[in-house]
Amino acid sequence: MLQKSLTTTDEILCETDFNRDDYFENILESQQINGRQHTLPVKFSMMSLVGEKSEIGDKTGLTIDEFIELDDGKMFYAFTYSQLTEYLITINDFIDTETFTSSFNSESFISLLKIIKNNGLSKNEEQNIDILSNEYRQRVAEGTCKFDIMLDINSFSGLSYFQQFNLSGEEPVFPGIPSDKHSGAVIFPELSAAVMADSENKEAAARFIELLISDDGQSKLCRRNWSNSCMSSIPVKKSVYNQLFELESSAEFDYPERDWYGNELNILQKNPDISTREMMDGLISNASSAVLYDKDIKRIIFEQTEKYYSDIQSAEETAENIQNEVSVYLSGLN
């Protein structure tokens, strides 16, 4: 939710044994406002476009202009207009959280709308796609499209699995989500902690935050319930991140790989290895922007873009309408 800073999280952290060097600094910074730690990300996942290095080159980020240059009408396969709107338009890029102003009427935003319309599907068209087929899963590897969108990057094994089965072992590239900030993968803080300025028991809050960011707390919060060897989220503490890589890289996968219909595949799943670790390290180090979610701004965007995708109004009119409505909304927050 977009709001003014009303927390004393910075002061609370000073009362604990918190040492920023023990944590991923860029992940911490992604939830700062005006240089203050507004909220503390405890665990996170990431979202990024993914493609084959042989097709799109070695990119750690994509500006919107670079994204436009790649557009051939086959950027994506089996994504609807609304899905691409949800995944490709990160409102962080068009909202200034320090001045509470917006820039949805920019050329960059208009260009994104045109790419989405050029590459998306209507709901009726989506019904003709068999999303359970291996052809759907391996659409990037088969050259049907340039990009897939990896929505939930939260474990080494998941990253390794995607490369082996969705890209058929080809070397992947994760250029994040197109942004003029060149911000790489989008950070999704799956659990964050903050202490409100009017809290009546800041000392207890400090102890609770200490628990959440301790080795034990991080390890328990970031493992899957059904497997202590697999991550469910990425810990913000680097020592626990290292421990969980060791667990996942040595885990035994004792179940057969199956397709979406349950048929057993003649494929051996490999453990995450050093190349998987390097991929995850790169994704984390290049990420700088945490997702900013505001249901009211999202509603405005979806209502207006639906009119564009339905040919009721132009991309330029859509952008201007969104800008006007969001500007009124933001002025009400001051």
Side-chain angles (χ1 to χ4, degrees), residues 26 45-81 83-90 92-93 107-121 129 131 133-156 158-188 270 272-289 291:
N26 59 311
S45 62
M46 295 175 289
M47 179 177 74
S48 176
L49 299 182
V50 57
E52 294 180 344
K53 186 175 181 179
S54 59
E55 175 68 23
I56 62 174
D58 192 3
K59 297 182 182 296
T60 58
L62 272 177
T63 65
I64 293 175
D65 282 344
E66 290 171 334
F67 196 49
I68 293 169
E69 290 176 5
L70 292 170
D71 186 15
D72 58 358
K74 295 182 179 179
M75 298 275 270
F76 301 98
Y77 173 75
F79 283 102
T80 64
Y81 298 134
Q83 288 172 326
L84 291 178
T85 300
E86 177 73 29
Y87 305 144
L88 295 182
I89 296 177
T90 53
N92 314 47
D93 286 343
E107 285 300 320
S108 293
F109 185 75
I110 293 169
S111 296
L112 268 181
L113 292 183
K114 291 179 178 179
I115 288 176
I116 291 170
K117 189 169 184 179
N118 196 34
N119 291 275
L121 299 176
I129 303 294
I131 62 171
S133 68
N134 287 325
E135 177 185 5
Y136 169 80
R137 182 172 68 174
Q138 296 185 338
R139 55 194 183 271
V140 176
E142 294 182 357
T144 306
C145 58
K146 279 191 174 74
F147 293 109
D148 198 351
I149 304 177
M150 199 165 179
L151 303 174
D152 202 8
I153 303 172
N154 60 12
S155 70
F156 297 103
L159 204 57
S160 177
Y161 178 96
F162 190 92
Q163 180 184 6
Q164 292 172 58
F165 302 123
N166 294 60
L167 299 185
S168 301
E170 290 294 318
E171 185 174 358
V173 174
F174 297 89
I177 300 298
S179 166
D180 287 339
K181 298 176 182 177
H182 212 268
S183 51
V186 175
I187 302 163
F188 281 83
K270 297 187 298 184
D273 57 18
I274 190 62
S275 66
T276 312
R277 169 63 186 262
E278 290 171 350
M279 278 191 283
M280 186 72 86
D281 288 352
L283 275 162
I284 294 173
S285 64
N286 290 314
S288 61
S289 180
V291 65

>> I'd like to know if the side chain of Lys146 and the backbone of Ile56 have a donor-acceptor N/O pair within less than 3.5 Å.
In response: no

>> Tell me whether Lys74 at atom NZ has more than 12 heavy atoms from other residues, nucleotides or ligands lying less than 6.0 Å away.
In response: no

Any side-chain heavy atom of [X] sitting closer than 4.5 Å to one from [Y]?
| X | Y | result |
| --- | --- | --- |
| Phe188 | Asn154 | no |
| Tyr77 | Asn119 | no |
| Asp152 | Met47 | no |
| Phe147 | Val50 | no |
| Leu151 | Tyr87 | yes |
| Val140 | Glu52 | yes |

>> Within this structure, what is the CD1-CG distance for the pair Ile89 and Leu84, rounded to the nearest 0.5 Å?
In response: 9.5 Å

> Which atom pair, heavy atoms only, marks the closest approach of Gly57 to Val173?
Replying inline: O-CG2, 3.1 Å

My understanding is that only residues two or more places apart in sequence, or in another chain, count here; which of them pass salt bridge (charged side-chain N to carboxylate O under 4.0 Å, His left out) with [X]?
| X | result |
| --- | --- |
| Lys114 | Glu316 |
| Glu171 | Lys53 |
| Lys59 | none |
| Lys117 | Asp311 |

> Are a donor atom and an acceptor atom from the side chains of Thr63 and Asp180 found within less than 3.5 Å of each other?
Replying inline: no

> For Ser111, what residues pass the side-chain contact (heavy atoms from CB on, under 4.5 Å) criterion, not counting sequence neighbours?
Replying inline: Ile64, Ile68

Show me the donor-acceptor pairs, under 3.5 Å and distance only, between side chains in residues 274-284 and residues at least two apart or in other chains.
from   : atom 1 : to     : atom 2 : distance (Å)
Ser275 : OG     : Asp273 : OD1    : 2.5
Thr276 : OG1    : Asp273 : N      : 3.2
Thr276 : OG1    : Asp273 : OD1    : 3.3
Arg277 : NE     : Asp281 : OD1    : 2.9
Arg277 : NE     : Asp281 : OD2    : 3.2
Arg277 : NH2    : Asn242 : OD1    : 2.7
Asp281 : OD1    : Tyr241 : OH     : 2.6

